[in-house]
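Letters A, B, ... are given to chains in the order of the sequence lines, protein chains preceding strands, and every chain is numbered from 1. In this text the structure is predicted, and so the values were computed from the model without any measurement.
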2 protein chains.
Amino acid sequence: MVLTIGKTLSLRLTSIHSPDPQIENAHSKAYNHLDQKICQGCASKHVSLCNVMDNDDLNILSRLSSNIHKKAKQIICTEGDNAKYLYNIRSGAVRISKMLPDGRRQITGFLFTGDFFGLSCGAQHSYTAEAITPVEICRFPRKKIIELFQEFPNLNERVFDMTRTELNSTHAQMLLLGRKTAKEKLCSFLLTMRKKTSLLAKKSKDEIGLPMNRSDIADYLGLTIETVSRQFTNLNKLGLIKLDGADKVSLKNIERLSIMAEGGRILSRKAYKTP
Amino acid sequence: MVLTIGKTLSLRLTSIHSPDPQIENAHSKAYNHLDQKICQGCASKHVSLCNVMDNDDLNILSRLSSNIHKKAKQIICTEGDNAKYLYNIRSGAVRISKMLPDGRRQITGFLFTGDFFGLSCGAQHSYTAEAITPVEICRFPRKKIIELFQEFPNLNERVFDMTRTELNSTHAQMLLLGRKTAKEKLCSFLLTMRKKTSLLAKKSKDEIGLPMNRSDIADYLGLTIETVSRQFTNLNKLGLIKLDGADKVSLKNIERLSIMAEGGRILSRKAYKTP
DNA sequence: CGCTTATTTGAGAGAAGTCAAGTACGGTGG
DNA sequence: CCACCGTACTTGACTTCTCTCAAATAAGCG
C-alpha cells in the first residue's frame, strides 16, 4: 500500500500502521467560527486552555476558531505541513506520532478532551495528528492566538503551563522508552491512562476504556503488538487486571501495578551488587 | 556504594552510574548577585534567554541572579528537591537525568552554554542536573523570573520559544528511544552533537568533542556502555568517523551518517513488503 | 611508575522481535 | 437471527539484537 500524505511525504506503510486507506480529510466539516453558545456550553471548557477565560472573553476566542469534526482514523495534520493552526480537543481522542522513512512509527502522545497541540513546532508541524475516535476540535489560527497572549496574559500563562506539564511528562516517557522492560511499560501505560480517565471523570476510576488499538499502544511504548498482547495476558493471568474485551480493562491492584511500573521490588537489579 | 543525594533520596548505585562519591555541593561558590559587568561580558548572552534583553535591562536580571560554579560530577539539583530556581548555563556541560528506584537511569538531555533548566517542573524538580564538565551557572529565583515576564514580554516569549523547541527535540528523542537500532541511535547522537557544537561555534565543525563519557551516552540513548562502544568501533571501522581518543570524534561522511541515523537505505524493512 | 578508572573486546544468555497460525470480535447481509 | 467476512487480537515457535558477565587493554593521575 502506498499512501500520499499531505503534499510532501510519500510513504510505504504496512497494513498494521495505517489499516484504512480512506484517510483524506474530505468528510470533515468546518464552520467559519464557532457559535458562541458552543463555547459557553463546551464540555472541555474547564480542562482546556479556555479555562482561564470568562464567558465574555470566551466570545473573542470563539470568533477566532473553527469547529472541526473528524471520524476515527482521519488525519488532522501531517508532519511537514505548514503549521498554521493550534488545535484544541473538545471531545474524543487523538494520537500524535512521528515516523522514520521506512515506516517505523513512534507515538509521542495520546491526547484527550481539553488537550491542545500544534504549538510546539516551528513553521512546519513536526508530527502527525490523527483521530483515533470521532473527535470535535477547535481550530485556532496560531498567529491570532499568539497575538491574544498580549491582551490576555492569563491565557499565555495557561498555555505555557500546559506546555511545561507536557514537557515534564515527555521526560517520564523517555525514561519509560529508554529503560523500562515490556512489563513495566505496560503497567506504566495503564496507570497513566487511569490518571487521565480519572482527571476527566473527576473521580478515580479503576475501569478504563482504551480507545487506541494494540498497534497504537505498541508504537507508544516502543514495543510490538505481539509483546503488548503477551503482557496484557500476563497481567490478566496474575490477576492484576481484568480484561473485558480488548479495549476495556479494570485495574485490580493499583499498588502492585505501581510497584511493577517502576521495576518490581526495589531490590532486584545490578544495583544490588553493593561493593 | 550508598549515596545520599540532597536530603530526600537515598539510592544505591553501581559504580558506573555515579563513580565519584564527592558529589556534595560544598565546594560550589555562589555570589549574592552577579557583577553587572559579568552579564555584559557574558559569553552566553547571545544564545541564552538573555538575548532579548538590552544592556540596561540586563542589569535587572543580573541583580536577581547568583553566579554558581560547579566542578565536574557535582550535582546542581536533585529530582524531588523544591524547585526554587531557574538555572542558565554560562559555560560548560550539564546532564539532566531521571532514575528508577533500582538505579536504572535515563539521561533526558545534555545542556550546554546558553541552555536553561528548572522551569518545566512544578513545585519539585522532576529530574537531577549534574555538571559533566566544570560549569558556570546563573541561578535565578523562579518566582522573580516569572514576575519579570509581565514587565518584559520579550523575555516571556523567549523562554516560551526555548521551551517549545525543547519539547520538539524531546519528541525526536522519543522516536530514537522507541524505534531506532543501536547503530541508528549512535549516528543520530553524533549528528545532534555536531549541530550543537556548530551552533555554539557559529560554524559547521565535523570534529566534535564529547564531554560526556560512554556511560552518559549509553543512558542517553537507552543502551549499555558495551553496545555504545561496539557501535563506535563499527563506525570507526567503516570509516564514517575517526576516533581520536574516546572523547574526540571527527565525522568523515555526514551524508552517510545522516542516512544511517534514519534507518540506512530507505528500502530496507518490512515496509517493503508491498502487498 | 603503579594505581584506579574508563573503554574496548569477547563469549554466552535472554528479552523482545519476527514470522506464522489460530481465535475472537464486530459488522453486514441473507 | 445467524452465517459469513474482514480486521484485530492472541498464541506459539524460532531468531536476533542487545544485554550481561568477564577479561583485556587503554587512559588518566598522584
Review point. Relative to each other, are the rings of A/Y220 and A/F189 parallel, tilted or perpendicular (30° and 60° limits)?
Key: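 If you compare the ring of A/Y220 with that of A/F189, the planes turn out perpendicular.
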
Check your understanding: Taking only residues two or more places apart in sequence or in another chain, which ones pass side-chain contact (heavy atoms from CB on, under 4.5 Å) with A/K98?
Key ->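 Partners of A/K98 by the side-chain contact (heavy atoms from CB on, under 4.5 Å) criterion, ordered by chain and then number, come out as A/E79, A/T108, A/S126, A/Y127, B/H171, B/A172, B/L175.
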
Check your understanding: How would you list, by chain and number, every residue that makes a side-chain contact (heavy atoms from CB on, under 4.5 Å) with B/S188, sequence neighbours excluded?
Key ->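 For B/S188 the side-chain contact (heavy atoms from CB on, under 4.5 Å) partners, ignoring immediate neighbours, are B/L176, B/K180, B/A261.
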
Using atom [atom1] of [X] as one end and atom [atom2] of [N] as the other, report the distance to the nearest whole Å.
X: B/R214; N: D/dA27; atom1: CZ; atom2: P; answer: 12 Å
X: B/M212; N: C/dT5; atom1: CE; atom2: C1'; answer: 19 Å
X: A/E226; N: D/dA13; atom1: CD; atom2: P; answer: 15 Å
X: A/I225; N: C/dC19; atom1: CD1; atom2: P; answer: 12 Å
X: B/D247; N: C/dT7; atom1: CG; atom2: P; answer: 8 Å
X: A/D102; N: C/dT18; atom1: CG; atom2: C1'; answer: 15 Å
X: B/K183; N: D/dT16; atom1: NZ; atom2: C1'; answer: 15 Å
X: A/K248; N: D/dC9; atom1: NZ; atom2: C1'; answer: 18 Å

Check your understanding: Considering only side-chain heavy atoms of B/L223, which listed nucleotide, D/dC19, D/dT20, C/dT18, is closest?
Key ->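 Closest nucleotide among those given: D/dC19.
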
Review point. Between C/dA6, C/dA16, C/dA20, which nucleotide gets closest to the side-chain atoms of B/K73?
Key: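 So the side chain of B/K73 is nearest to C/dA6.
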
Point to revise | A/F112: ring pair (Phe, Tyr, Trp, His ring centres under 6.0 Å) partners, not counting sequence neighbours | key: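 With sequence neighbours excluded, A/F112 shows a ring pair (Phe, Tyr, Trp, His ring centres under 6.0 Å) to no residue whatsoever.
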
Review point. So, is A/T227 close to the C/dG17 phosphate, meaning a side-chain N or O under 4.0 Å from OP1 or OP2?
Key: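 Checking A/T227 against C/dG17: at least one side-chain N or O falls below 4.0 Å of OP1 or OP2.
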
Sequence neighbours left out, cut at 3.5 Å: what donor-acceptor pairs do the side chains of residues 224-236 of chain A make with other protein atoms?
unit_1 : atom_1 : unit_2 : atom_2 : d
A/T224 : OG1    : A/T227 : N      : 3.3
A/T224 : OG1    : A/T227 : OG1    : 3.1
A/T233 : OG1    : A/S229 : O      : 2.9
A/N236 : OD1    : A/L243 : N      : 3.2

Review point. Does B/D244 have any salt bridge (Lys or Arg N to Asp or Glu O under 4.0 Å) partners at least two apart in sequence or in another chain, and if so, which?
Key: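 Residues passing salt bridge (Lys or Arg N to Asp or Glu O under 4.0 Å) with B/D244: B/K248.
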
Exercise for review: Mind checking salt bridge (Lys or Arg N to Asp or Glu O under 4.0 Å) for B/D206 and listing every partner two or more places apart, or none if nothing turns up?
Suggested key: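 Once residues adjacent in sequence are excluded, the partners of B/D206 under the salt bridge (Lys or Arg N to Asp or Glu O under 4.0 Å) criterion are B/R194.
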
Validation: residues 252-259 of chain B side-chain donor-acceptor distances under 3.5 Å, sequence neighbours left out:
unit_1 : atom_1 : unit_2 : atom_2 : d
B/N253 : OD1    : B/E255 : N      : 3.4
B/N253 : OD1    : B/R256 : N      : 3.1
B/S258 : OG     : B/I254 : O      : 2.7

Practice item. Output the residues of residues 229-244 of chain A in contact with DNA chain D, where contact means a heavy atom of the residue under 4.0 Å from an atom of the strand; sort by number or write none. Key: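 Result for residues 229-244 of chain A: A/S229, A/R230, A/T233, sorted by number.
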
Exercise for review: Please report how far the helix from C/dC1-D/dG30 to C/dG30-D/dC1 bends, comparing the axis fitted to its first five pairs with the axis fitted to its last five, to the nearest 10 degrees.
Suggested key: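 The helix from C/dC1-D/dG30 to C/dG30-D/dC1 shows an end-to-end axis angle of 40°.
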
Point to revise | Residues B/F110, B/V94; criterion side chain to side chain contact (heavy atoms under 4.5 Å, CB included); working and verdict | key: CA-CA 6 Å; B/F110 294 112; B/V94 168; over 6 Å; no

